[in-house]
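Chain identifiers are assigned alphabetically (A, B, ...) following the order of the sequence lines, protein sequences preceding nucleic acid strands; residue numbering begins at 1 within each chain.
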There are 2 protein chains.
Amino acid sequence: MKNNCFFCEYKSVAAQKLSKDELESLSPNCLTVKFKRGDSIIRQGTYSTNVAYLKTGLAKIHIDGPYHIQVVRIVKPKNYLGLPTTFGDKINQYSVTAIEECEVCFIDISTFRKLLHSNPEFSNQIIVELCKGELESYQKCVNRTQKQIRGKLADVLLDFADNIFHSDVFTVNITQEDIGNLVDASRESVSRVMAEFVKDGLISMSGKQITILDRKMLASASKNG
Amino acid sequence: MKNNCFFCEYKSVAAQKLSKDELESLSPNCLTVKFKRGDSIIRQGTYSTNVAYLKTGLAKIHIDGPYHIQVVRIVKPKNYLGLPTTFGDKINQYSVTAIEECEVCFIDISTFRKLLHSNPEFSNQIIVELCKGELESYQKCVNRTQKQIRGKLADVLLDFADNIFHSDVFTVNITQEDIGNLVDASRESVSRVMAEFVKDGLISMSGKQITILDRKMLASASKNG
DNA sequence: CCTTTAATGTGATTTATGTCACATTAATTG
DNA sequence: CAATTAATGTGACATAAATCACATTAAAGG
């Protein structure tokens, strides 16, 4: 699919710093691809040759751990999908998989490098985003390792509502096993705790749709486990 | 203490990309400070006004978690101490503490920004380092959450030997509680497992000095728990 | 639309590791 | 160099959550 980056409605914050000329130099060097649920966008262990940018849909970043997969984070639209894995190592250190229909823009890595080189506003924004990403990953790791399952699940539900769907009613297209891999818990434990939350009136579920009913109680579960 | 960055023998890989002029513009805008064991270099929750760079000594990066402190990583010389916390947020999102005598160079943040802006080689190197840092933190988090204590401790010991001290005999000036916070285990468990490793001949300890005796067994403990 | 496969729910059991409670040893510091 | 204070060692016990083993329900595919 041919791009015209200047008119792209999904530009990243960084790309908004680019001039018309720069955007036009970008157009012939990127390619938008559609993925459907379950499709692999980036595969751990393969060479990374492009910068991937998520235009629409949701994707998960995951790593093969020693015993099971760990879902590192859920990425929402208008975010780069693999900057660390693209610039940190020649070989992808993690995988990215679509969790619903996604449009991903693959940008030629040397073109991206040129932009970093020539436009300091652009590279500054990328640096800021990388820094924020790292802080977030520290924070997530602390939560993952210190809280118990009720707390971790409450966290994830609030994070979905606040930062991804911007609504207390949302439909997550991921399995309980995925959620388990995201919070470091077994699929069975996730099932049990979700049922507990429903029983106690913190949330309701119908199919894959989750409704947050009692934010206060959820926030308290997030704190006190 | 007055600096002359051009002659500084501890320049970072990124700073090695700077011109003589740029280094001389840096000199009046940075300040080297000595810290002793236990001193706080960066404090979580305070404003970050400088980029901190570790010239000598070892430091630990740690975050106040909901229940206890988590040691995120040990930083060795010639590394920036708080790039993510400096550029990702106005307020420091983590603390850094000296674990032995340290020399830290504080660089004025706007000077650092100017260099990022004017020298693409420099900013590129910073980007690469940030990316590597994030990949490493992902990997560490997976290990921390999936392995059991024997495996995690074996990892840390090998990491110390390979990446920090570059020797199988080294003296770590950190307490078992710190090690516990680094691998997410209680101080008691660390003590027990270390004793196990000594008993089984994987390592020996005298005082704070640790000697790795059996790398193979340690590596296998790292894998199989 | 039926059949197969994937996802979820739920009880019983096991287990790694945390917590508590002291004993002991090493470091500080007045 | 006593005298505190900090760090470590070790047993007994408690417990969150994994694992196992099925039952049930939902989704996918021919």
Residues in salt bridge (Lys or Arg N to Asp or Glu O under 4.0 Å) contact with A:R37, at least two apart in sequence or another chain: none

Near-ring test B:F112/B:Y80, centroid separation under 6.0 angstrom: yes

task: Give the first and the last nucleotide of DNA chain C, reading 5' to 3', that has any atom under 4.0 Å from a heavy atom of chain B.
output: C:dA16 to C:dC20

statement: Between B:S189 and B:R37, whichever has its closest DNA chain C nucleotide further toward 5' is B:S189

- prompt: When all nucleic acid strands are considered with a 4.0 Å heavy-atom cut-off, which category describes B:D178: base, sugar-phosphate, or nothing?
  reply: nothing

task: With sequence neighbours excluded, give me every salt bridge (Lys or Arg N to Asp or Glu O under 4.0 Å) pair touching residues 155-171 of chain A.
output: A:K147-A:D155, A:D162-A:R215, A:D168-A:R215

Length of the line joining A:R187:CZ and D:dA21:P, which is rounded to integer Å: 14 Å

field: Partner set under salt bridge (Lys or Arg N to Asp or Glu O under 4.0 Å) for A:E196, not counting sequence neighbours
entry: A:R150

message: Give the residues of residues 191-211 of chain A touching DNA chain C, defined as any heavy atom closer than 4.0 Å, sorted by residue number.
response: A:S191, A:R192, A:K208

query: Of all residues at least two apart in sequence or in a different chain, which pass the side chain to side chain donor-acceptor pair (under 3.5 Å) check with B:T175?
result: none

- prompt: When the ring planes of A:F170 and A:F165 are compared, do they come out parallel, tilted or perpendicular, using 30° and 60° as the limits?
  reply: parallel

- prompt: Hey, does A:S186 reach any base, or is it just sugar-phosphate, or nothing, if we go heavy atoms under 4.0 Å?
  reply: base

